Protein chains: 2
Amino acid sequence: MASTIPDETPPRRRSQKERREETSTRILDSAEKLFSEHGLHGVTLRDVAYEAKVDTSLVHYYFSNKDQLFRSVFTRRASEANVARIKALDDYLEKSGDNPTLHGIVDAFTTPALRLVGSGDPGFRNFGALVGIVNNTPGWGQAMMSEFFDDVSRRFLEIFKQILPGAREEDVYWCYHFLTGAFTFSLAQTGRIDKLSDGLCHSTDMDSIAERLPMLFAAGMASICEKRLASAQPS
Amino acid sequence: MASTIPDETPPRRRSQKERREETSTRILDSAEKLFSEHGLHGVTLRDVAYEAKVDTSLVHYYFSNKDQLFRSVFTRRASEANVARIKALDDYLEKSGDNPTLHGIVDAFTTPALRLVGSGDPGFRNFGALVGIVNNTPGWGQAMMSEFFDDVSRRFLEIFKQILPGAREEDVYWCYHFLTGAFTFSLAQTGRIDKLSDGLCHSTDMDSIAERLPMLFAAGMASICEKRLASAQPS
DNA sequence: ATTATCTATAGATCTATAGATAATGC
DNA sequence: ATTATCTATAGATCTATAGATAATGC
């Protein structure tokens with residue numbers, strides 16, 4: 001059939017810029033997949049090169065070394081996720097005016113990332129798993145969490161404090177601590193709940209998570225912070 | 001001084017059984033520490049041998065290979081923790097009689113392990129971090145979580161279902177999912193909350209966690225399961 | 001003339017084992 | 001006679017780089 005087409009487009013080779021972009025993206029995607037399955041040290045550059053169908057030397061050519069590669073993988077998605085989260089927060093604050101709720105803030109905190117991870121894009125799906133690993137890794141993991149998420153975290157923490165006036169600061173921080181634990185574990189999509197529920201729930205089902213997580217934490221955080229508040233009143 | 005003591009005890013060498021016990025324990029402790037810091041693949045048997053001050057071949061002599069070593073490390077503490085958790089649950093159920101509360105069950109689920117990790121024993125402290133890593137690792141991590149914690153998990157899940165009659169099963173499973181996320185992240189003691197709170201909170205402070213986690217989840221789980229209950233009533 | 005990709009390889013690990021040695025056990 | 005420990009090393013990676021090659025860019 002193709003041979004009957006008269007003015008066949010020449011098999012124009014892609015420009016260098018395009019090839020650079022395409023190859024480095026393929027390496028990043030492969031690394032993202034493997035890192036999310038086995039962690040930083042569970043993956044060799046040979047694994048990445050093989051998965052990306054390039055030679056190991058090309059991985060060095062584009063990303064210098066393994067640490068840089070990991071950082072590049074992480075940066076790509078973290079930046080996009082942060083933009084979405086800040087936007088969700090700003091939108092919600094504007095929409096809610098004088099009456100922002102705890103539920104609304106927790107929702108702005110969690111839902112944008114959950115939606116990205118659950119969107120069907122395998123890149124973001126893998127990135128979610130990666131966040132679960134990094135957030136539970138001391139040392140370099142924590143350094144990376146700080147570098148990429150401290151700004152957003154502090155922004156949300158300030159809002160939580162404002163919305164819970166009179167609550168003890170420690171209580172707000174601890175609530176945030178639990179929230180991030182449940183949140184990043186949800187992003188990790190480990191499959192554990194699938195097994196325990198005999199297939200009733202799926203850890204990749206971000207809609208179910210987005211629906212329940214804010215509800216649970218809105219009630220739970222209010223309970224902790226208000227109980228403290230109440231016990232402080234009598235004095 | 002020592003030379004003045006008349007009947008000096010001879011420098012009796014430890015028996016083979018004692019030396020075996022002592023050396024293998026030192027290897028386990030060293031491995032536990034390093035695995036908790038860098039994960040399974042971030043540690044080499046040479047690292048372990050160096051930390052334990054033995055030759056690499058001794059690690060093989062006692063534990064065959066790296067996987068077996070990791071399993072041995074994990075088993076030692078997991079068994080003890082499980083016993084403590086089941087005992088806490090049984091004790092609570094007996095004590096509470098007809099009126100077990102959500103708070104009481106969540107407390108039995110979390111507090112025993114939190115106490116062990118916070119007890120000051122560096123072995124359990126490291127083990128906590130290890131659980132954080134393993135629970136956020138797919139593949140072999142999940143296999144290990146299943147093997148060591150499925151029995152306890154199912155036991156608690158049944159109680160949660162009983163104590164929340166009429167709640168939708170999915171809601172109970174999702175609550176459990178969030179609970180384990182917050183719980184294992186707390187065990188991991190990553191130091192993130194220390195930084196975000198400028199030193200006000202410490203992620204190694206298991207007492208503060210044990211005090212708040214059950215309260216938050218008791219209120220949060222009730223909120224989700226009862227809201228569902230309420231919306232199901234009209235029909 | 002520059003850039004993307006490939007070839008070849010150095011040098012540093014890492015796991016694992018075979019076999020020797022020096023104690024303890026009986 | 002058995003067991004804990006040490007010596008030595010094989011064989012398999014793994015990271016990283018130097019230098020060649022074959023395209024594109026101008």
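Model, not experiment: these values are computed from the prediction. All chains are named by letter (A, B, ...) in the order of the sequence lines, taking the proteins before the strands, and each is independently numbered beginning at 1.
- For the pair His41(A) NE2 and dT15(D) P, the computed distance is 10 Å after rounding to whole Å.
- The distance between the ring centers of Phe70(B) and Phe35(B) falls below 6.0 angstrom.
- Under a 4.0 Å N-O distance rule, the pair Asp29(A)/Arg76(A) qualifies as a salt bridge.
- The separation between Glu18(B) atom CD and dT24(C) atom C1' is 12 Å, rounded to whole Å.
- Ion pairing between a basic and an acidic side chain is recognised when a charged N comes within 4.0 Å of a carboxylate O; Lys87(A) and Asp91(A) show such pairing.
- Computed from coordinates, the Leu58(B) CG to dT15(C) P distance equals 15 Å when rounded to whole Å.
- The nucleotide whose nearest atom lies closest to any side-chain atom of Tyr62(A) is, among dA16(D), dA16(C), dA4(C), dA4(C).
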Task: Watson-Crick and G-U pairing of DNA chain D, under 3.5 Å, as dot-bracket with | and [ ] - done: ||||||||||||||||||||||||..
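- Using a distance-only test at 3.5 Å, with no hydrogens or angles considered, a donor-acceptor pair links the side chain of Arg85(B) to the main chain of Phe109(B).
- Atom pair Asp67(A):CG and dA16(D):C1' shows a separation of 14 Å (rounding to whole Å applied).
- Going from atom OH of Tyr61(A) over to atom P of dA20(D) covers 17 Å, rounded to whole Å.
- What separates OH of Tyr50(B) from P of dT13(C) is a distance of 14 Å, to the nearest Å.
- For the pair Arg19(A) and dA4(C), the criterion of a side-chain N or O lying under 4.0 Å from OP1 or OP2 is not met.
- Residue-to-nucleotide proximity on DNA chain D shows that, of Arg46(B) and Lys17(B), the 5′-proximal contact is made by Lys17(B).
- A donor and an acceptor atom, one from each side chain of Asp47(A) and Thr44(A), are located under 3.5 Å apart.
- No hydrogens or angles considered: a donor-acceptor pair under 3.5 Å links the side chains of Lys161(B) and Tyr173(B).
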Task: Verdict with reasoning, Arg71(A) to Asp67(A), per salt bridge (Lys or Arg N to Asp or Glu O under 4.0 Å) - done: CA-CA 6 Å; Arg71(A) 291 183 64 81; Asp67(A) 282 358; over 6 Å; no
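- At a threshold of 4.0 angstrom between heavy atoms, the contacts of Ser57(A) include nucleobase atoms, whether or not backbone atoms are also involved.
- Here the P atom of nucleotide dT3(C) and the CG atom of Asp55(A) are 21 Å apart, to the nearest Å.
- When distances are taken from the side chain of Thr44(A) to each of dC14(D), dT5(D), dT24(D), the shortest belongs to dC14(D).
- Note: CG (Leu45(B)) to C1' (dT13(C)) measures 13 Å, nearest angstrom.
- Listed nucleotides: dA4(C), dG25(C), dA16(C). Nearest to the side chain of Gln16(B): dG25(C).
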